[in-house]
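What follows is a short report on a single structure.
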Amino acid sequence: MVIISVIVAEDLVKTFGEFVAVDGISFMVEEGEVFGFLGPNGAGKTTAMKMIQCVSPKTSGKLEVFGMDVNTHQSEIKRFLGIVPQETNLDPDFSVYENMMVYSRYFDIGRTDARKVTDELLDFVQLDEKKNVNIEQLSGGMKRRLILARALINSPRLLILDEPTVGLDPQARHLIWDKLRSLRDKNVTIVLTTHYLDEAAQLCNKLVIMDHGRILEEGSPQEIVKNNIGTDIVEVENGPEVKVCLDDMTADYEIIGDIVQVYTDDPQQVTSHLLRECMLGKITARTATLEDVFLKLTGRKLRE
Amino acid sequence: MVNYLQIPVLSRRVMKVWLRNWDVFLKTYKVNFLPPFLEPLLYLFALGFGLGTFIADIQGVSYARFIAPALIAISIMNSSFFECTFSSYVRMYYQKTYDAIISTPLNIDEVIAGELLWGATRSLINTIIMLPVIAAFGLIELPVSLLIIPFSFLGGLLFASVAMCFTAISPNITALNYPAFLFVTPMFLFSGTFFPLSVLPQQVQYFALTVLPLTHVVMFVRSLTLGTPTVHLLFNLAWIVVVTTLFFVLSVNLMKKRLIN
Ligand SMILES: Nc1ncnc2c1ncn2[C@@H]1O[C@H](COP(=O)(O)OP(=O)(O)OP(=O)(O)O)[C@@H](O)[C@H]1O
Ligand SMILES: [Mg+2]
């Protein structure tokens, strides 16, 4: 049996007029993976998701989902997809229950099956009590949960989630994480974007960091942290002598306002050097996180 | 370069979009049934029986009998035109309904086609409600006027398709007032509705016949309600079929250009 990657993108480009939103990205998503797209606002994450979903045509490059070309097999591909869009698009003309039922019809799911699955899914996202409530009467978080339930109505083989947990309370977020893990265990492939880097670190076994339409870094969360920063970060208060001292020991560091961050695999050695040789106080050491890499790679400036 | 006359790619899934709108319609049927029932009554009393008492017969028929088919034709126009402008715009822009549907196996062509068929259905429904009301006043010939019922679907599709083109190019929902005032209102007045086309200057008559779709719909419906169908019917029908096909295809492509980028 040939193993087909769920998504294969090669040199994928998307332009809007003159503007290049996705600038030649290549990646592969294998079955059962949880694949994350990280990046600042405007990096091109949603644009990439929309091309995978076959709702926005690619400008150039190759993009295959389940071995099928997104240009020629849209309907066949979309049959296997579950989509949680960044922008809520529930149908306000219908109640919670009706939203699920009407959506199931688009996938040719029979009424009896649809009722059963809807009950299960609403129960799962804990919206069964809101079954007959109109969409406008739901809170923001409830809407996000309903969108997740809706995305699962066709038992998708590939679930695409564009910022699934935005605006959710911690309980709901954990609920969704648990569900995503259980889906992953059932070999459902998951592609998600998020701005919560702890979420990405927890869920994803592979991720890419994008900026300005390009992929800057790719790997497992641990690999990415290790390759870009090392295991730890030592933070020292900034002062004229700090820079000299760090240059002395050829450390990899960055000055961020009145804090200096030293990237290292050996925090003990850095700390003792700073304490003994340079007589510096106020030193803290901590484990490096994905957030540190993110800021290091994409800069600290706010995006317009 | 977009090809505006590219043939839409459609399948039976079009009906799922139609069904979505039908479901919403049924949820609110009480509000939906009243206007098509009351509107002809208002016009008939004000124009047919009020103003009409000052008007001698037109082309050998009473004024009320003359305008009865126009009221039906206007209702065919209004039902689908307003459904596929303001209502479709709300679904497209504010409710993101189309975005949600194209994330499923349906494509944008099917979504728009479903909307157009739904618009035509609104015309059909309103005609079915309205026809008995007008018939009750003895203003139309039966049973030949029953042919208006299937015809109203075609007429509805004509106005739905034209309307959807405006929806596709409107920068915002208020801009839809332009076609409503500059296209629908002139048609309402100058398509042989409340007075015969023949009283207008020759050039205006040609204008009405070539670019005002309502003219053909009024002529078609009137020849049925008066029980005087002639070969002219075929000319009207041909005009309607050709223009409907053209605008149907055009509206799908304009919408695609707007929504898929
Ligand atoms: N339809 C469009 N027309 C023109 N430009 C667009 C369009 N959609 C997106 N862009 C531009 O493409 C770039 C990438 O947008 P995209 O939505 O993919 O970003 P993102 O990574 O999802 O950001 P965020 O984290 O804010 O959701 C942005 O500069 C945006 O302005
Ligand atoms: Mg986005």
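As a basis for the values below, the full set of heavy atoms in this structure was taken, side chains included, without hydrogen atoms, waters or symmetry mates. Since we're looking at a predicted model, the values are computed, not measured.
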Kindly indicate whether the side chain of [X], heavy atoms from C-beta on, has any atom under 4.5 Å from the side chain of [Y].
X        : Y       : result
B:Gln95  : A:Asp93 : yes
A:Asp91  : B:Arg20 : yes
B:Pro105 : A:Gln74 : no

Considering all heavy atoms of both residues, which atom of B:Lys96 and which atom of A:Asn89 are nearest to each other, and what is their separation? CB-CB, 3.6 Å
Go through the atoms of B:Ser103 and report whether side chain, backbone, both or neither lie under 4.5 Å from a heavy atom of chain A. both
So, the part of B:Leu19 with a heavy atom under 4.5 Å from chain A: the answer is both
What residues of residues 98-109 of chain A make heavy-atom contacts with chain B at a cutoff under 4.5 angstrom? A:Glu98, A:Val102, A:Tyr103, A:Arg105, A:Tyr106, A:Phe107, A:Asp108
Within residues 150-159 of chain A, which residues come under 4.5 Å of chain B, heavy atom to heavy atom? A:Arg150
Output the option from [options] having the highest count of non-hydrogen pairs under 4.5 Å with chain A.
options                     : result
B:Arg91, B:Lys27, B:Arg13   : B:Lys27
B:Thr28, B:Leu106, B:Val17  : B:Leu106
B:Asp23, B:Ile108, B:Ile260 : B:Asp23

Above 12 or not: heavy atoms from other molecules or residues under 6.0 Å from [atom1] of [X]?
X        : atom1 : value
B:Phe188 : CZ    : yes
B:Lys256 : NZ    : yes
A:Lys78  : NZ    : yes
A:Gln137 : CD    : yes
A:Glu76  : CD    : yes
A:Phe16  : CZ    : yes

Can you tell which part of [X] gets under 4.5 Å to a heavy atom of chain B, answering side chain, backbone, both or neither?
X       : answer
A:Ile77 : neither
A:Phe94 : both
A:Ile83 : side chain
A:Lys14 : side chain

Nearest 0.5 Å, what's the SG-CD1 distance between A:Cys54 and B:Ile102? 10.5 Å
Rounded to the nearest 0.5 Å, how far does OG1 of A:Thr88 lie from CG of B:Asp99? 12.0 Å
Can you see whether B:Thr104 engages A:Arg79 through a side-chain donor-acceptor pair at a distance of less than 3.5 angstrom? no
